[in-house]
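A short write-up of the structure that comes next.
Just so you know, residue 1 is the first one in the sequence shown, and it goes up from there.
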Amino acid sequence: MIDDGAVPDPVLSAPAPAVPHPSLARVAAQGVRAAFLLPLRWNGVAASPVILAVLLIAQLAASIGMSRVYFDTDATFNWRAVSSGWGSTLLVLWACYTLREQPDADAAPARARGAADMFAVYLAQSVFLSLATGAFFAALMHADVDAEKVPQWLRWGVYLLPFAWSTVATLVLLIRSGSRDIGSRVQAVYAVLLGVALSYFAPSASFWSEAEAAQGDAPEPAPLQFDQELVERQAPLLAQRLSALAPQRPGVIDMYTITFAPYEGEEVFRRESRMVSEVMAQRFDAAGRQLQLLNHEDELSSAPWATPLNLRRAIAGLARIMDRSEDVLFIHLTSHGAANGQLAASFWPLDVAPLVPKELKLWLDQAGIRHRVLSVSACYSGSWVAPLAGDDTLVMTAADADNTSYGCGKKSELTFFGRAVFDEQIRTETLSFEQAHAAARKVIATREKEAGKDDGYSNPQIRVGRNIGPYLARLREQLGSN
């Protein structure tokens with residue numbers, strides 16, 4: 001053998017780095033470590049097409065399975081949802097590609113960490129977190145916990161924490177494992193956050209939906225049906241109700257009442273409307289001088305509908321019957337309220353516009369009705385006080401302009417405001433709206449705390465005009481009460 005004196009290149013002469021055998025168990029173990037934000041052990045971790053396919057299927061199966069536990073009843077699987085929601089996963093794949101390591105020709109030979117390896121660990125991490133999160137929420141759902149008594153900030157925290165943890169775990173995994181190039185890291189972070197935004201603003205379709213009622217179970221309520229005949233009966237019906245009202249009595253302060261419940265979807269508003277009308281009839285001698293405007297499927301043809309147009313017509317009609325300078329008009333509005341001052345209406349498929357305070361004020365002014373008592377039972381209803389206030393007006397609301405009221409859910413018998421003011425105070429304790437409102441404020445505050453309302457005290461409001469207070473005192477004297 002001839003020795004030419006050449007020095008061997010240590011890089012070229014070094015043995016090629018061993019390529020680890022692909023192992024699903026190694027990848028899964030590192031995925032669990034990544035979920036707990038632990039440093040990864042990349043020795044022996046290698047991904048193959050088979051491993052990637054298995055993990056993708058596992059990720060999909062975990063999402064499907066864990067979303068099913070949220071349903072206590074039978075549920076129907078939506079196959080179309082399988083094809084949605086992959087945007088964030090593809091963005092993470094792109095981030096892995098951006099952060100892949102390139103072999104360094106000048107350094108000792110080593111196997112560069114590829115995009116497939118990082119993506120495989122991410123998928124394993126995602127499967128683990130999906131299973132853990134699903135199990136957590138399933139346990140909460142089946143625990144004997146009254147959600148309404150849990151502070152709102154805690155409910156939001158429980159909901160957002162797993163989502164935030166998954167995002168942080170993904171970012172930590174990619175930053176620790178990939179290229180140290182600043183530009184690549186910025187692009188990867190951008191991709192992950194874009195995926196988070198995509199999941200939030202364009203969520204994937206739900207895998208499950210409640211199954212339709214089986215034969216023999218209670219059927220789903222049929223949608224309301226409005227035909228031409230039904231619609232054409234509305235105008236004559238309102239006219240008939242107005243013509244049937246008792247006339248005013250000269251020299252007597254008569255109370256005329258309107259209750260307005262425009263939200264068809266909640267039974268509580270119909271109950272409250274009826275209760276208030278009943279209490280006003282009993283306590284203020286208003287029997288025969290009441291008008292109920294109501295949106296409800298059981299009374300499509302028997303009650304004038306609670307629409308802004310019908311309310312305007314009702315006010316104008318009452319103005320022709322009552323003595324506008326002697327009698328008192330009482331109006332109780334009950335529905336959901338919005339922070340922008342709108343009183344919600346729902347009567348699908350009929351399109352009903354929400355009521356706003358300036359419209360009500362305009363119609364009352366146009367009708368020339370002087371003495372007014374206006375009650376608004378809705379969230380954020382304090383925004384109605386200033387637009388409706390006047391020297392001859394008493395206006396009271398279930399909340400101030402910045403807070404929600406309480407008790408308007410599907411399981412509520414009455415709203416907290418309607419129950420405390422009318423069913424408990426005015427029905428039996430006092431004919432003074434001011435006293436009833438003051439007493440109700442204390443009761444409502446206590447009940448809201450007991451119910452776990454944590455977004456602020458509703459803070460019911462009242463404003464009594466300088467003329468209406470003494471005038472209502474005269475009405476109470478007439479009725480034989482102080």
Applied to residues 425-465, the ring pair (Phe, Tyr, Trp, His ring centres under 6.0 Å) test, sequence neighbours excluded, yields Phe284-Phe433

Are any side-chain N or O atoms of Thr397 and backbone N or O atoms of Pro460, one a donor and one an acceptor, separated by less than 3.5 Å? no

So CZ of Arg463 and CG of Leu374: to nearest 0.5 Å the spacing works out to 12.5 Å

Nearest heavy-atom approach of Ser383 to Pro357 is O-CG, 4.4 Å

Inset, instruction - With the side chain counted from C-beta on, respond yes when Leu333 and Ile331 share a heavy-atom pair under 4.5 Å apart, and no when they do not. - result: yes

Separation between CG (Leu294) and OG (Ser273), nearest 0.5 Å, reads 5.5 Å

What one should report as the nearest heavy-atom pair of Ala95 and Ala191 is CB-CB, 4.1 Å

Item to complete: Indicate yes or no for a side-chain donor-acceptor contact from Gln342 to the backbone of Leu355 under 3.5 Å, with no hydrogens or angles considered.
Response: no

Could you tell me whether a side-chain N or O of Trp384 sits under 3.5 Å from a main-chain N or O of Gly341, the two making a donor and an acceptor? yes

Exercise. Backbone N or O of Ala344 within a donor-acceptor pair of the Ser335 side chain at under 3.5 Å?
Worked result: yes

Per salt bridge (charged side-chain N to carboxylate O under 4.0 Å, His left out), Asp391 is matched among Arg370, Arg466, Arg372 by Arg466

Contacts satisfying ring pair (Phe, Tyr, Trp, His ring centres under 6.0 Å) that involve residues 236-277 (not counting sequence neighbours) are Tyr263-His336, Phe269-His336

Query raised in the report: Given Glu359 and Val356, is the side chain to side chain contact (heavy atoms under 4.5 Å, CB included) satisfied, shown in steps?
Result: CA-CA 6 Å; Glu359 290 179 335; Val356 295; 3.5 Å; yes

task: Can you establish whether the number of heavy atoms outside Trp165 located under 6.0 Å from its atom CH2 is more than 12?
output: no

The reported gap from CG in Asp392 to CG in Asn467 (rounded to nearest 0.5 angstrom) is 4.5 Å

Do the side chains of Phe417 and Arg441 get nearer than 4.5 Å, heavy atoms only? no

Residue set satisfying ring pair (Phe, Tyr, Trp, His ring centres under 6.0 Å) with Tyr380, at least two apart, ordered chain then number -> none

Tightest non-hydrogen contact, residues Gln248 and Ile321, listed as CG-O, 3.5 Å

Closest non-hydrogen atoms of Ser377 and Gly418, given as atom of the first, atom of the second and distance, are OG-N, 4.5 Å

Value for CD (Glu278) from CE (Met275), rounded to nearest 0.5 Å, stands at 8.5 Å

Query raised in the report: Are Val276 and Val421 close enough that some pair of their side-chain heavy atoms sits under 4.5 Å apart?
Result: no

Taking the side chain as every heavy atom from C-beta outward, state whether Gln461 and Met396 have any pair of such atoms under 4.5 Å apart. no

### Message
Set out, in order, the CA-CA distance, both residues' side-chain angles and the distance that settles side chain to side chain donor-acceptor pair (under 3.5 Å) for Thr257 and Gln290, then state yes or no.
### Response
CA-CA 5 Å; Thr257 71; Gln290 305 154 274; 4.7 Å; no

Rounding to 0.5 Å, atoms CG (Leu479) and CZ (Arg283) come to a distance of 9.0 Å

Apply side chain to side chain contact (heavy atoms under 4.5 Å, CB included) to Ser458 and Asp400, showing your working.
CA-CA 6 Å; Ser458 58; Asp400 60 25; over 6 Å; no

*Verdict with reasoning, Ser277 to Thr259, per side chain to side chain donor-acceptor pair (under 3.5 Å)*: CA-CA 7 Å; Ser277 184; Thr259 54; 4.9 Å; no

Query raised in the report: Is any side-chain heavy atom of Val328 closer than 4.5 Å to a side-chain heavy atom of Asp254?
Result: no

Yes or no on side chain to side chain contact (heavy atoms under 4.5 Å, CB included) for Met255 and Leu475, after CA distance, side-chain angles and deciding distance? CA-CA 9 Å; Met255 174 79 81; Leu475 175 58; 3.8 Å; yes

Residue pairs passing the side chain to side chain donor-acceptor pair (under 3.5 Å) test with at least one member in residues 312-324, sequence neighbours excluded, are Asp323-Ser325

Given the options Glu272, Arg271, Arg270, Thr334 meets side-chain hydrogen bond (donor to acceptor under 3.5 Å, both in side chains) only with Glu272

Residues at least two apart in sequence or cross-chain that pass ring pair (Phe, Tyr, Trp, His ring centres under 6.0 Å) with Tyr471, listed by chain then number, are His371

Do Trp305 and Leu238 come within less than 4.5 Å of each other through their side chains, counting heavy atoms only?
no

With salt bridge (Lys or Arg N to Asp or Glu O under 4.0 Å) as the criterion, how do Arg419 and Glu424 come out once you've worked through the C-alpha distance, each side chain's angles and the decisive distance to 0.1 Å? CA-CA 6 Å; Arg419 175 185 171 191; Glu424 296 175 345; 3.1 Å; yes

Here the gap from Ser130 atom OG to Leu60 atom CG, rounded to the nearest 0.5 Å, amounts to 10.5 Å

Side chains of Ile253 and Arg474, heavy atoms from C-beta outward: is any pair under 4.5 Å?
yes

- Query: Taking atom types as modelled, is there a side-chain donor on Thr430 or Gln425 under 3.5 Å from an acceptor on the other?
  - Reply: no

Contacts of Ile175 meeting side-chain contact (heavy atoms from CB on, under 4.5 Å) (sequence neighbours excluded), chain-then-number -> Arg185, Val189

Is the shortest side-chain heavy-atom distance between Arg447 and Ile444 below 4.5 Å? no

Correct closest heavy-atom pair for Ile426 and Ala436 would be CG1-CB, 3.7 Å

Tightest non-hydrogen contact, residues Pro304 and Arg241, listed as CD-NH1, 3.8 Å

Checklist entry - Stepwise, does the side chain to side chain contact (heavy atoms under 4.5 Å, CB included) test hold for His332 with Phe422? => result CA-CA 11 Å; His332 180 72; Phe422 294 96; 3.8 Å; yes

